[in-house]
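Some notes on the structure that comes next.
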Amino acid sequence: MSSSNDTALDAYIDDSVTFDSMKLDPRLLQAIKRNGYKNPTLIQATAIPLALQEKRDIIAKASTGSGKTLAYLIPVIQTILDYQQNKGNDVDSNSSATLGIILVPTRELAQQVTEVLDKMILYCSKDIRSLNIAGDISPAVLTSLLLEKPEIVVSTPSRLLGLLETNVDSLSLDDLKFLVIDEVDLVLTFGYKEDLTKISQFLPIKKNLQTFLMSATLNDDIQELKKDFCRSPAIIKFNDDEITKDQTKLIQYYVKTSEFDKFLLCYVIFKLGLIKGKTLIFVNNIDRGYRLKLVLEQFGIKACILNSELPANSRHHIVDQFNKNVYRLLIATDDTEYIKEEDEQEEIQVDETKKDSSEETTENKEEEPNTSDNKNNKKKTITIQKDKEYGVSRGVDFQNVACVLNFDLPTTAKSYVHRVGRTARAGKSGTAISFVVPLKEVGKHKPSMSQTSKRDEKILSRIMKQQGKLGLELQPYSFDSKQVEGFRYRLEDGFRAVTQVAIREARIKELKEELLASEKLKRHFEENPQELKSLRHDKELYPSRIQQHLKRVPEYLLPEAARKGDKKVGFVPFHNPKKNRHRVSKGKKNNKRGSKSDPLKNFK
Ligand SMILES: Nc1ncnc2c1ncn2[C@@H]1O[C@H](COP(=O)(O)OP(=O)(O)OP(=O)(O)O)[C@@H](O)[C@H]1O
């Protein structure tokens, strides 16, 4: 899904067809052109005529980044425009009704699809209005927005069901023409099957409703949905190898490493600027995201965090700014696979009187972070609510990501496909690096351990098999251990400072700030959209002991070739580290705590 002006991967474009030849409404055509799209992608060239001319239901499976969003949006908009035109000629017909519903698994996608939709209806906004009901909207505001009778409603299944069950009259569904379920297998993974069954009872399914079920990966569960939602659908499956044989733009590496050395390698990679461009780092749970951020922070490496407990507004803003190149490093928690297993709510005890957690640097203390014997300590319980409708490994159109780094390997091969699909999008090249912990290394260093790494080797062989079928391969990558070793003692020092208590405090601090910002954002930025630029999400969280000396890399630790006067970079494969030295000193200068340049202060 996308809201960009980018072009799709060349391999996906069908240059034997043009949008001009598709007999589309001039207003829609103008919007398509305005976004720089000339030829449809393969999936668009196939699905649009089937949906428009033959009025078929569509089940489509096509790779990540292949342009599935427009494959359903164009027919939906075109048919509604035709319908509105016919209705305009019919003097008896005056009523407004919901004509299309688009269901997506996460709020991130709801926002993204709405943005693409709004661009496509730019020139016909009198005839077609959109409403995303998955966002943070108060019931009163929602009611008044629904009174305007938007023609297309975008939602997650649970939001839509909630609305239908409490206020079915707010949507008039008798004339509904389209139902789209995007990322359909994720919708099912998220446990929405029951919601969909209930929703189907409100919809005129199999009468005059045309359905689109879209995904990059499809599994057997789809059969049931097909039975419930479709009438003799056209099933479009693009053979992945057809497309991927040209797709040499994604280079995949795996790195066998111990649990602790994942942090060490990250430090080296980002401190030396070995990756040129933006990196999206995936971790498997929220705490690990904060641990990594705080460790990197020790060395003056800034990153921002994206996870399911941040408010939806903040999440949207973070993705948006990342896409606009405001941040280079984004640490995203991808825990969607565990959503069913985890409790929705997590109680966290915060010791409010403890000002400085930096004293707690021993590993024993880290094991029991949340208890304190001190009866005088005032404790406050904060309930953190995770958002079930969060997801970033799927469908989100992160733009210009140079590298996806699987800091924690995903727990399924399918999830790997979706994660690495966040790079090498839209005609660009990209690199995927995955850290893999060999079984013999698992559990050797508890504080750096991830529960999921036990299965890393198994998952890696599945991933390799799956990529092998597509003619793609993951290459082993080894770092020059001599060069890396030089950084070890510094990392040990920095790592120790990031206690479990520090992680919890950082997590709560960021949450509080983002909640505050999110509320402020909502009201303030509605009036002053320009100021949105000044809000940053990658501030240092500071609860752990910051050791200023760690922020600088002494010359002797740099690879020989990166030292003064040398031009050639020895073991560094991605990027010239000389540039980075400049950045290091600049970062140091700007890192004063409470400095006036803190952009958050601009909108207080
Ligand atoms: N016809 C086109 N010509 C050029 N670029 C296009 C075209 N259609 C879509 N794109 C661009 O291709 C990128 C990928 O499109 P989109 O996000 O719809 O892919 P997707 O198949 O939904 O991927 P995912 O499965 O990851 O969600 C977007 O940046 C979009 O702007």
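No hydrogens, no waters, no symmetry mates; every other heavy atom, side chains included, goes into these values. Counting starts at 1 for both ligands and their atoms, following the listed order.
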Should Gly67 be counted as touching ligand 1, given the test is an N or O pair under 3.5 Å? yes

If the condition is ring-ring contact (aromatic ring centres under 6.0 Å, His included), which residues does Phe435 pass it with, not counting sequence neighbours? Phe407

Identify, by atom number and element, the atoms of ligand 1 in contact range of Thr69, meaning under 4.0 Å from any of its heavy atoms. 16 (P), 17 (O), 18 (O), 22 (O)

Side-chain ion pair, Arg288 and Asp408, N-O less than 4.0 Å: yes

What do we get for Met214 next to ligand 1 when only non-hydrogen atoms under 4.0 Å count, side chain, backbone, both or neither? neither

Is the closest heavy atom of His418 to ligand 1 under 4.0 Å? no

Does Gly421 have a heavy atom less than 4.0 Å from any atom of ligand 1? no

Would Lys278 count as a cation-pi partner of Phe322, with NZ or CZ less than 6.0 Å from the six-membered ring centre and within 45° of the ring normal? yes

Sub-4.0 Å atoms of ligand 1 with respect to non-hydrogen atoms of Ser66: 19 (O), 20 (P), 21 (O)

Using heavy atoms and a 4.0 Å limit, tell me yes or no: is Asn39 in contact with ligand 1? yes

When you measure from the centre of the six-membered ring of Tyr83, is the NZ or CZ of Lys177 closer than 6.0 Å and no more than 45° off the axis? yes

Checking the N or O distance criterion of under 3.5 Å, is ligand 1 in contact with Glu183? yes

Would you check if Tyr37 and Phe19 make a side-chain contact, meaning some heavy-atom pair closer than 4.5 Å? yes

Nearest atoms (heavy-atom pairs only) where Leu161 meets Asp195: CD2-OD1, 3.5 Å

Tell me, please: is Arg422 in heavy-atom contact with ligand 1, that is, under 4.0 Å? yes

Does ligand 1 have a heavy atom under 4.0 Å from the side chain of Phe19, from its backbone, from both, or from neither? side chain

Output all residues satisfying salt bridge (charged side-chain N to carboxylate O under 4.0 Å, His left out) with Lys23, sequence neighbours left out; order by chain, then residue number. none

Would you check whether Pro40 reaches within less than 4.0 Å of ligand 1, judged by its heavy atoms? yes

Does Arg129 come within less than 4.0 Å of Glu148, counting only side-chain N to carboxylate O? no

